[in-house]
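Only this structure's heavy atoms are used, side chains among them; waters, hydrogens and symmetry mates stay out. Numbered from 1 within each chain, the chains take letters A, B, ... in sequence-line order.
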Number of protein chains: 2
Amino acid sequence: MNARQAEFHAGHRFMKPTIYMLAQKAGVSIATVSRAFNGHPRISGETKRRIFETAEAMAYSPSPTARNLANRTTETLAIVLPHITDPFFTELIRGAESVSKSRAYHLLIYTCEDMDEQNLFLQLLTTRIDGVVVAARSSTGQYVKRLARQNIPFVMLGGAIPGLHHNKVRPDNQSGAYQMTRHLIVDHHYGEIAFICGPEAQIHSGERLTGYLQALRDHGMAVRDGWVVAGEFTESSGFAGAKALLGLPRPPRAIFAGNDRMAIGAISAAAECGYAIPKDIAIVGFDDVPSSRYLRPALTTVNVNCFGQGAAAVEQLLDTLENPERPYVDLIMPAPVVLRNSCGCLERET
Amino acid sequence: MNARQAEFHAGHRFMKPTIYMLAQKAGVSIATVSRAFNGHPRISGETKRRIFETAEAMAYSPSPTARNLANRTTETLAIVLPHITDPFFTELIRGAESVSKSRAYHLLIYTCEDMDEQNLFLQLLTTRIDGVVVAARSSTGQYVKRLARQNIPFVMLGGAIPGLHHNKVRPDNQSGAYQMTRHLIVDHHYGEIAFICGPEAQIHSGERLTGYLQALRDHGMAVRDGWVVAGEFTESSGFAGAKALLGLPRPPRAIFAGNDRMAIGAISAAAECGYAIPKDIAIVGFDDVPSSRYLRPALTTVNVNCFGQGAAAVEQLLDTLENPERPYVDLIMPAPVVLRNSCGCLERET
DNA sequence: TCTTTTTGCGTAAGCGCTTACGCATAAGAT
DNA sequence: ATCTTATGCGTAAGCGCTTACGCAAAAAGA
């Protein structure tokens, strides 16, 4: 079989060299070739040298697919995100990529953007992955259950699936929003604080809103009608939201945007309406995306350590991959307030 | 063998169901199962139904790896980028993803960020891909040659490898920069125009610089010493570059940043130095990333259709994958100037 | 009714690797 | 010099699929 295969292959024109062809040329068996490429100890230096030499000469490199099949592993992870437009998610990816690379795993990125979630998860099943990191949306649960059923390890970012035990990492959204609101109330004595909320489909939105409301309540402040407006976590929705707020008969003294992108839009809107920030109106965000310090004024926001979340998620995933018996962990990342200028604090850091 | 394998598998606890197990339970041969899952015409509706039913019941889904091996294709593409922090690249990815999804391909994203290029390309060889899109940097050539040697189809984004025939798509950087400079000179009569250049390693940088210089020359304007400063295509380097420029004994009347991120940094710097934009100084960018219209003032820039580039690149790749004899194409994307406010033009679009 | 064609399915040989076994030969121990 | 043990390598059986080939039964044609 060995010889026949080698001959057969040699007969073809552009066929990629296989382990059979290499073995034949190097005058060894395919087992030896395999051992050379896998760093097996019981192989002589001389043989190894010869194999690598011939491999180089014929531009051989082992077929990853065949390897995957024989090894029953792909060394590949996937990360599922709503989209990659938001710096929040790109930072997440950077974190995830950083640790998957350091542990020699490949990372596939999937976005729901131009595909409904259901199809995405179906496609996920047709690819070779060892595990998945899923950035939760409220609708994600049902699909993730499919993964669970197929016994594909996964970790949820920012959410939990009821009735399912699994790894998760999430920022402490509620506390972050609470502290930020508290800062505006207690440290700046702003009386009227509006909130631009993110989309319902994103789990973060609700948690941040809750923190904001809780802080108002705890400090005896009423929630005025029309002071919580809906946004989409995008610049344009932040812009629109702020315009609406500023068009109110009695505009707020501060705007708390549910994320930094909306804060950026809100700042544009306020500037366009002739408001000085933070003198006339304070605007703060949430996420602390890298560019928020390059805004003028520099954005006061809540740091959720996007990079760290991505990194932690992959770390957990790889840990349970290596040790399936390992108990699931629920990692809650602290979300500290980062004071810059847009709230009225005066530090200057660039 | 069939029966033995099935029994063997059944004996294990958590082993994923294989085609053998499914075939046994459904009372057919593995060939029939395979045919059912591949939409083969010569199979009865009844049998197919039964197979899918049992598959559903035992949560079977065919192993992608085994399929890949048998089919000698992976339906997976890779895209190699310097990083994903820049919206330019995320748009590129969006474009690439959009067409690869529509043609039922998977897309792997690779960044050089925390890994030197050489390792990245080595890792690329250990994954299962049918082709690669490479966003060129000046150092990329040598590595891409390796791909060529392994007969892996690829297309270059923004650059060409000398001595190698291949597909490429690139923006018309030089013409875009030329037109933008011309706009500042001819339409606004700005006499002193500085340029913040991108890093040498990125091919775009040089081309844009060339266009800028050419326009100055064509309009009889001298290039003043110190008016071309080096940047890194990041906000912070744009900030620093602008600061340097504004600290000059005779600061420029306009700053042309080599990309939008640097323009954002430059705007911050100018604002911080008390300059009004565009009244005191005009600042323009390059790329037209989505958020540039949410800057205040809205950024005048050059549109390079990042999304379109990514899409076109994948399209070309898939085309040569489907038809290897197809001649290589060199697609040059137009790079029109987009007039907004930061140059002094007054349109208001949001 | 007797071909001929079509339909539905099974058998077995791959796809290109890994690895358990096992067998010489070389090295070490006694 | 003899008996272990270690070393280097080959044989062959998988990994979980696809598919060419072939055969029986059903459908169509005569």
Side-chain angles (χ1 to χ4, degrees), chain A residues 1-10 12 15-24 26-51 55 58 60-75 125-128 150, chain B residues 1-10 12 15-24 26-51 55 58 60-75 125-128 150:
Chain A
M1 189 81 73
N2 183 328
R4 223 199 87 231
Q5 287 204 4
E7 248 174 286
F8 169 76
H9 284 164
H12 272 63
M15 188 160 257
K16 283 212 174 125
T18 71
I19 199 173
Y20 288 95
M21 299 165 67
L22 172 51
Q24 199 181 42
V28 293
S29 78
I30 60 165
T32 305
V33 173
S34 175
R35 282 193 274 256
F37 274 90
N38 290 295
H40 193 285
R42 279 168 62 171
I43 182 173
S44 84
E46 160 58 18
T47 312
K48 203 189 248 182
R49 220 206 73 263
R50 185 153 38 90
I51 290 176
M58 52 198 298
Y60 167 87
S61 75
S63 150
T65 310
R67 249 213 244 248
N68 291 163
L69 182 56
N71 285 333
R72 253 143 306 179
T73 170
T74 62
E75 241 97 272
L125 294 177
T126 76
T127 193
R128 320 113 304 218
Q150 306 268 2
Chain B
M1 192 79 75
N2 183 326
R4 222 200 87 232
Q5 289 204 3
E7 248 174 286
F8 169 77
H9 285 164
H12 272 62
M15 188 160 256
K16 284 213 172 123
T18 71
I19 198 173
Y20 288 95
M21 299 165 68
L22 172 51
Q24 198 180 43
V28 292
S29 77
I30 59 165
T32 305
V33 172
S34 175
R35 282 192 275 256
F37 274 91
N38 290 294
H40 192 284
R42 279 167 63 171
I43 182 173
S44 85
E46 160 57 19
T47 312
K48 203 189 249 180
R49 220 206 72 263
R50 185 154 35 90
I51 289 176
M58 51 197 300
Y60 167 87
S61 74
S63 149
T65 310
R67 247 211 245 247
N68 291 164
L69 182 57
N71 285 333
R72 255 142 304 178
T73 170
T74 62
E75 241 98 89
L125 294 178
T126 76
T127 192
R128 319 112 306 217
Q150 307 268 3

### Task
Remember a base hit wins even if backbone is also touched, and classify Thr65(A) as base, sugar-phosphate or nothing at under 4.0 Å, heavy atoms.
nothing

#### Entry: Donor + acceptor pair across side chains of Arg128(A), Asn68(A) (<3.5 Å)
no

### Message
Using a heavy-atom cut-off of 4.0 Å across all strands, would you classify Phe37(B) as base, sugar-phosphate, or nothing?
### Response
nothing

### Query
To the nearest Å, how far apart are His40(B) NE2 and dT6(C) P?
15 Å

### Message
Heavy-atom nearest nucleotide on DNA chain C for Ala66(B) versus Lys48(B): which residue maps closer to 5'?
### Response
Lys48(B)

### Task
With heavy atoms under 4.0 Å as the rule, sort Ser34(B) into base, sugar-phosphate or nothing.
base

### Task
Check whether any side-chain nitrogen or oxygen of Ser29(A) sits under 4.0 Å from OP1 or OP2 of dT11(D), and answer yes or no.
no

### Task
Whole angstrom is fine here: how far is it from CG in Asn68(A) over to P in dT18(C)?
10 Å

### Query
On a plain distance test, is the side chain of Arg72(B) in donor-acceptor contact with the base of dG14(C) below 3.5 Å?
no

### Message
Whether the side chain of Arg42(B) engages the backbone of His40(B) through a donor-acceptor N/O pair (distance < 3.5 Å, no angle test) should be reported.
### Response
no

### Query
Does the side chain of Ile19(B) reach to within under 4.5 Å of the side chain of Phe37(B), using non-hydrogen atoms?
no

### Query
Considering heavy-atom distances to DNA chain C, does Val33(B) or Arg67(A) have its closest nucleotide positioned more toward the 5' end?
Val33(B)

### Task
Search all heavy atoms of Leu69(A) against all heavy atoms of Leu69(B) and return the closest pair with its distance.
CD2-CD2, 3.3 Å

### Task
Classify the nucleic acid contact of Asn38(A) as base, sugar-phosphate or nothing, counting any heavy atom under 4.0 Å across all strands shown.
sugar-phosphate

#### Entry: Atom-to-atom span, CG of Asn71(B) to P of dG14(C) - whole angstrom
17 Å

## Note on the structure
From CD of Gln24(B) across to P of dT11(C) the rounded distance in Å is 13 Å

### Message
Keeping Arg35(B) on the side-chain end and Ile43(B) on the backbone end, is there a donor-acceptor pair under 3.5 Å?
### Response
no

### Summary
Taking every heavy atom of Ser29(B) against every heavy atom of Ala23(B), the minimum-distance pair comes out as C-CB, 3.8 Å

### Query
Nearest nucleotide by nearest heavy atom, which residue falls closer to the 5' end of DNA chain D, Ser63(B) or Ser44(A)?
Ser44(A)

### Query
Rounded to the nearest Å, what distance is computed from the CG atom of residue Leu22(B) to the P atom of nucleotide dT18(D)?
12 Å

#### Entry: Distance, rounded to the nearest Å, where Tyr20(B) contributes OH and dC15(D) contributes C1'
10 Å

### Query
Nearest-Å distance, CD1 (Ile19(B)) to C1' (dT19(D))?
11 Å

#### Entry: Residue closer to the 5' end of DNA chain D, Ala70(A) versus Ile43(A) (nearest nucleotide)
Ile43(A)

### Query
Looking only at side-chain N and O atoms, does Thr18(B) come under 4.0 Å of OP1 or OP2 in dG16(D)?
no

### Message
Within the 4.0 Å heavy-atom criterion, would you say Leu69(A) contacts the bases, only the backbone, or no part of the nucleic acid?
### Response
base

#### Entry: Nearest-angstrom distance from the residue atom CZ of Arg35(B) to C1' of dT18(D)
10 Å

### Query
How would you label the contact of Arg42(B) with the nucleic acid (heavy atoms, under 4.0 Å): base, sugar-phosphate, or nothing?
base

